[in-house]
Amino acid sequence: MRVAVVTFDGFNELDSFIASALINRCRKNGLEAFITTPTPVVASMNGVEVTGQRPMEFVTEADVVLIGSGVKAREVVADDRLISRLPLDPSRQLIGAQCSGALVLARLGLLDGMPACTDLKSRPFVEARNITVLDAPFHAEGNIATAGGCLASQYLATWVITRTLGEDAARDVLDYVAPVGENQETVERALRAIHAGEAVRH
């Protein structure tokens, strides 16, 4: 199972790297994430240049697509050609968005009829697209999920791992990366966020 972590120019490092790093701890179980970019190299909001592991076209092959956030999200959603490179299909893919990535899902029409989570700066722009924004870190309905707040990227990764490999696999990953002495607390908090945010499970 392959995960495309869509990473645009101006991306937030916490969003793309936390999600991909947590998911890639499941490689031995057949779940692998790839930083997926519209150009060969993208620069983060802090100027960190990253070479994409997969081109944007990879999203059509991926089993899971996570849309990362960044300071250029509004430019992304205004770019018809770029948006056309994201033919996502929730009937066969798990699709998630982090913070301003919710704007991309809204632009694609994937949030019609469902609320979303996003960060405080992106909230008014998401609401301007007639999407209800929740005061919560994570929300999912069926195969679509959104997370709000940079560190909520761990919840998005937990959702992906739980949906593809099961809760035990997610527990193992979270336990490994948790701050020392806070293992159980970290695991339970993430799983609690996922369960609270899942309105419908398929």
Side-chain angles (χ1 to χ4, degrees), residues 1 3-7 11-26 31 33 62-70 73 88 90 93-106 108 110-127 129 131-179 182-202:
M1 293 171 286
V3 182
V5 181
V6 178
T7 302
F11 72 95
N12 183 317
E13 301 96 329
L14 292 172
D15 298 344
S16 290
F17 294 157
I18 289 175
S20 61
L22 292 179
I23 291 167
N24 277 330
R25 291 197 175 275
C26 297
L31 182 65
D63 304 286
V64 181
V65 179
L66 300 182
I67 308 292
S69 74
L88 308 185
Q93 295 174 308
L94 293 180
I95 299 168
Q98 178 68 42
C99 291
S100 62
L103 282 171
V104 177
L105 295 194
L108 292 169
L110 295 174
L111 296 180
D112 290 352
M114 69 178 282
C117 298
T118 192
D119 62 284
L120 293 177
K121 284 191 174 181
S122 300
R123 181 171 187 149
F125 303 106
V126 175
E127 289 178 332
R129 291 182 174 269
I131 306 295
T132 299
V133 174
L134 302 173
D135 288 317
F138 178 84
H139 179 74
E141 293 186 17
N143 288 342
I144 298 176
T146 53
C150 300
L151 294 181
S153 51
Q154 65 183 299
Y155 300 157
L156 208 52
T158 299
W159 176 72
V160 170
I161 297 167
T162 300
R163 287 290 305 268
T164 55
L165 298 175
E167 191 170 294
D168 286 346
R171 284 180 176 274
D172 288 345
V173 169
L174 292 164
D175 182 68
Y176 187 92
V177 303
E182 298 181 2
N183 300 68
Q184 184 174 353
E185 177 186 342
T186 300
V187 171
E188 296 305 327
R189 183 177 60 245
L191 291 173
R192 189 165 58 245
I194 298 309
H195 294 316
E198 285 188 315
V200 180
R201 294 203 61 174
H202 288 259

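Predicted model only: the values in this text are computed from it and were never measured. The figures that follow rest on heavy atoms only: side chains count, while hydrogens, waters and symmetry mates do not.
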When rounded to the nearest 0.5 angstrom, what distance separates [atom1] in [X] from [atom2] in [Y]?
| X | Y | atom1 | atom2 | result |
| --- | --- | --- | --- | --- |
| Arg189 | Thr158 | CZ | OG1 | 10.0 Å |
| Met114 | Leu105 | CE | CG | 8.5 Å |
| Asp135 | Arg123 | CG | CZ | 4.5 Å |
| Leu110 | Ile67 | CG | CD1 | 9.0 Å |

Which atom pair, heavy atoms only, marks the closest approach of [X] to [Y]?
| X | Y | result |
| --- | --- | --- |
| Gln154 | Ile18 | N-CG2, 4.0 Å |
| Gln98 | Ala147 | OE1-CB, 3.5 Å |
| Leu111 | Ala106 | CD1-N, 3.9 Å |
| Ser100 | Ser69 | OG-CB, 3.0 Å |
| Val173 | Cys26 | CG2-SG, 3.6 Å |
| Pro179 | Thr186 | CD-OG1, 3.7 Å |

Could you walk me through whether Leu66 and Ile23 pass the side-chain contact (heavy atoms from CB on, under 4.5 Å) test, one step at a time?
CA-CA 11 Å; Leu66 300 182; Ile23 291 167; 3.9 Å; yes

Report yes if some heavy atom in the side chain of [X] is under 4.5 Å from a heavy atom in the side chain of [Y]; otherwise report no.
| X | Y | value |
| --- | --- | --- |
| Cys150 | Glu13 | no |
| Glu188 | Leu174 | no |
| Thr146 | Leu134 | no |
| Ile161 | Arg25 | no |
| Asn12 | Cys99 | no |
| Arg171 | Gln184 | no |

Ring geometry between Trp159 and Phe138 (parallel below 30°, tilted from 30 to 60°, perpendicular above 60°)
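Tilted, since the angle between the ring planes falls between 30° and 60°.
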
Start with the C-alpha gap between Met1 and Leu165, add the side-chain angles, then the distance that decides, and say whether side-chain contact (heavy atoms from CB on, under 4.5 Å) holds.
CA-CA 10 Å; Met1 293 171 286; Leu165 298 175; 3.5 Å; yes

Is there a donor-acceptor pair closer than 3.5 Å between any side-chain N or O of [X] and the backbone N or O of [Y]?
| X | Y | value |
| --- | --- | --- |
| Asn183 | Asp175 | yes |
| Ser20 | Phe17 | yes |
| Thr118 | Ala116 | no |

Verdict with reasoning, Glu167 to His195, per side-chain contact (heavy atoms from CB on, under 4.5 Å):
CA-CA 11 Å; Glu167 191 170 294; His195 294 316; 3.0 Å; yes

Apply side-chain contact (heavy atoms from CB on, under 4.5 Å) to the pair Asp63 and Thr164, showing each step before the final yes or no.
CA-CA 9 Å; Asp63 304 286; Thr164 55; over 6 Å; no

